[in-house]
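Below, chains carry the letters A, B, ... as their sequence lines are ordered, and counting in each starts from 1. What's counted below: heavy atoms across the whole structure, side chains too, no hydrogens, waters or symmetry copies. All values reported here derive from a predicted model rather than from experimental measurement.
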Amino acid sequence: MNLKELKELIDILKDTDISEVEVERSGVRVKIKKGGDITYHTAMPRMEYPPAALVAPSVPAPVIEQAQAAKAIEAAKANQIKVASPIVGTFYRASSPDKPAYVEVGDVVKKGQILCIIEAMKLMNEIESEAAGKVVQVLIESGQPVEYGQALFLIESV
Amino acid sequence: MTKDDILRLLTISKSAFVSGEKLALKLNITRAAVWKHIKALEQEGYEIEAVPSKGYRLMSIPDAINLRDIEAAVKTKMIGRKVHLLAEVESTNSAAVEMAAAGAPEGTIVAAEVQTGGKGRLGRTWISPKGNLYLSVILRPKIAPNKAPLVTLMGAVAVVSAIRKQTEVHAQIKWPNDIFSGERKIGGLLTEMRAEPDQVRHIVLGIGLNVNMNAASLPPAVASLATTLSAETGSPVNRTGLLVEIASELDRWYQTFLKNDAEILRAWEAMNMTIGRQVTVSSANETIQGTAEAIDHDGRLVIRTIDGALQAVAAGDVTLVKRGTDTETL
């Protein structure tokens, strides 16, 4: 279950008279209630999904985000963008363990500059910065699993 | 080309000698020119016996990947319509990534006889001497990036199909895309991708296969873990034929992937040697032990750990645990 699918669920709720929906996929159950509570929990405790954090629903539509993404949004200012993972995989800050990280906090990066690698099934996905700016936060530790849509970096325009 | 004509005439006559005079007459060149072309062929690795008063005969052809033969044999829709064959390159993947960024068409193959900096996962080296296959394929599937990891499973399925068709070796896949014969590794895939947030720009599928290299020359650290196709079959493998077969199988499986990726998962399962076995997966930060139960629809390996929980992993070094206490990193 990724962010896009969650948003789609929310959109379905918004445009109909349905007030509550519950979906289960790959051990993750999501229940969304219009105007009310949101629950998001894993049925199997050791799946590698990060613990979900909940953001209070804004009016009128509820907003739901995963932990890191939510943190990023809370922290993000108007001149900051978050770089999100386009795939499920493992996050690496360097091309190999004995190489320096692609970027450090405080570095100024160009648009298209490589920020990190996400690996899935030996597919190495070099993630480029979507904008020029300064790296203000690295949101994940190298070697950690990341979910689709999970925020990896905060970049501030300079 | 006169040199090719000489090669053709020598090939036709098989073990019989062809006189220099006859060659010169047929091709309308001098005998000295014939001699020059023979020397050039020897430079390319052809073994030619020259006996005064008898002439020339072909003893053996070089174990070289032959670009003309590839171009003549490739009957694919897309993969291998354009092949760049290099004598030596740092890494076919790096060369293909550059070509892809410069706009090379989908299906382009970059192959090399030798890699001076062959790449493995996370900066590791892929030992790349002469006699093997090193090739990278440029793909531009119109898919979302989160579907791209399945391309690497597709690559493993295609390579295993090609090996089984071209040789007697019963190749199998170790998750996610290592190619094995028995309990020893014969090859692997390393894939590099560039993508927009919602669309793949290009994928470079890198394939390294141990074919005819001398298995005894493998470094001691990997000698007990790796093997070659020729060591498994007991005779040299035609690398040109194998490369053409890989292109053909990739062409077929790639089309299958674009139509219905669930078929790739099924084919992968039928060729894999990981599911059902005790495994240890080590990554940068943790080690997971348990039984490999399945792959999920993203291609992740689902492991049932000792406490009964299920965990899906997308990356890491997988060790298959043998029965008893004997474990070996493969």
Side-chain angles (χ1 to χ4, degrees), chain A residues 1-5 25-28 42-49 81-100 111-114 116-131 140-152, chain B residues 93 97 119-125 144-153 155-156 175-178 188-201 203-206 268 283-286 288 295-305 307-316:
Chain A
M1 174 94 31
N2 60 43
L3 202 55
K4 193 164 155 258
E5 289 170 318
R25 181 108 57 89
S26 318
V28 176
T42 54
M44 278 172 277
R46 290 207 54 196
M47 292 295 284
E48 61 174 43
Y49 296 95
I81 64 148
K82 65 180 170 85
V83 178
S85 178
I87 61 173
V88 172
T90 301
F91 170 80
Y92 301 104
R93 292 190 57 196
S95 60
S96 75
D98 54 355
K99 291 268 169 65
K111 184 173 192 278
Q113 187 173 332
I114 295 165
C116 65
I117 289 177
I118 307 288
E119 178 189 13
M121 277 58 86
K122 283 203 213 173
L123 173 106
M124 309 311 241
N125 184 12
E126 291 178 334
I127 307 297
E128 302 170 3
S129 183
E130 290 156 43
I140 316 277
E141 200 186 316
S142 199
Q144 286 295 325
V146 293
E147 283 298 318
Y148 172 79
Q150 188 168 349
L152 309 170
Chain B
N93 258 31
V97 164
K119 292 197 276 189
R121 270 184 78 225
L122 306 175
R124 290 175 203 162
T125 313
N146 63 340
K147 283 284 175 198
L150 294 180
V151 171
T152 75
L153 301 188
W175 186 89
N177 49 29
D178 283 339
L189 280 78
L190 183 77
T191 308
E192 296 180 59
M193 169 167 84
R194 284 297 180 91
E196 315 283 347
D198 54 358
Q199 167 102 34
V200 170
R201 216 182 301 158
I203 290 174
V204 168
L205 191 67
W268 187 96
S283 58
N285 305 357
E286 63 172 342
I288 301 160
I295 50 167
D296 67 13
H297 63 276
D298 290 324
R300 292 184 294 181
L301 188 63
V302 179
I303 297 166
R304 187 170 296 279
T305 56
D307 58 9
L310 286 176
Q311 196 162 358
V313 294

Can you check whether [X] reaches [Y] side chain to side chain, under 4.5 Å on heavy atoms?
| X | Y | answer |
| --- | --- | --- |
| K122(A) | T152(B) | no |
| L122(B) | S95(A) | no |
| L153(B) | M121(A) | yes |

Task: Among G206(B), G188(B), G123(B), P149(B), residue most engaged with chain A (heavy-atom pairs, under 4.5 Å) - done: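 That would be P149(B).
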TODO: Please determine, among R124(B), R194(B), E192(B), the option with the most heavy-atom pairs under 4.5 Å with chain A.
DONE: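 Heavy-atom pair counts peak at R194(B).
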Task: Contacting region of I114(A) [heavy-atom separation from chain B under 4.5 Å] - done: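 When you check distances to chain B, only side chain atoms of I114(A) fall under 4.5 Å.
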Task: Heavy-atom contact with chain B under 4.5 Å, split by part of S85(A) - done: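 Looking at S85(A), nothing touches chain B.
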Got a second to check how far [X]'s [atom1] is from [Y]'s [atom2], nearest 0.5 Å?
| X | Y | atom1 | atom2 | answer |
| --- | --- | --- | --- | --- |
| M193(B) | I118(A) | CE | CD1 | 9.5 Å |
| N146(B) | E147(A) | CG | CD | 11.0 Å |
| R121(B) | E119(A) | CZ | CD | 4.0 Å |
| L123(A) | I203(B) | CG | CD1 | 6.0 Å |
| D298(B) | I87(A) | CG | CD1 | 10.0 Å |
| E286(B) | Q144(A) | CD | CD | 7.5 Å |

Task: side chain to side chain contact (heavy atoms under 4.5 Å, CB included) assessment of M124(A) paired with T191(B) - done: CA-CA 6 Å; M124(A) 309 311 241; T191(B) 308; over 6 Å; no
Open item on the list: Set out, in order, the CA-CA distance, both residues' side-chain angles and the distance that settles salt bridge (Lys or Arg N to Asp or Glu O under 4.0 Å) for E128(A) and R201(B), then state yes or no.
Closed with: CA-CA 12 Å; E128(A) 302 170 3; R201(B) 216 182 301 158; 3.1 Å; yes
Open item on the list: Given heavy-atom pairs under 4.5 angstrom as the criterion, report whether the side chain, backbone, both or neither of L189(B) touches chain A.
Closed with: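 When you check distances to chain A, only backbone atoms of L189(B) fall under 4.5 Å.
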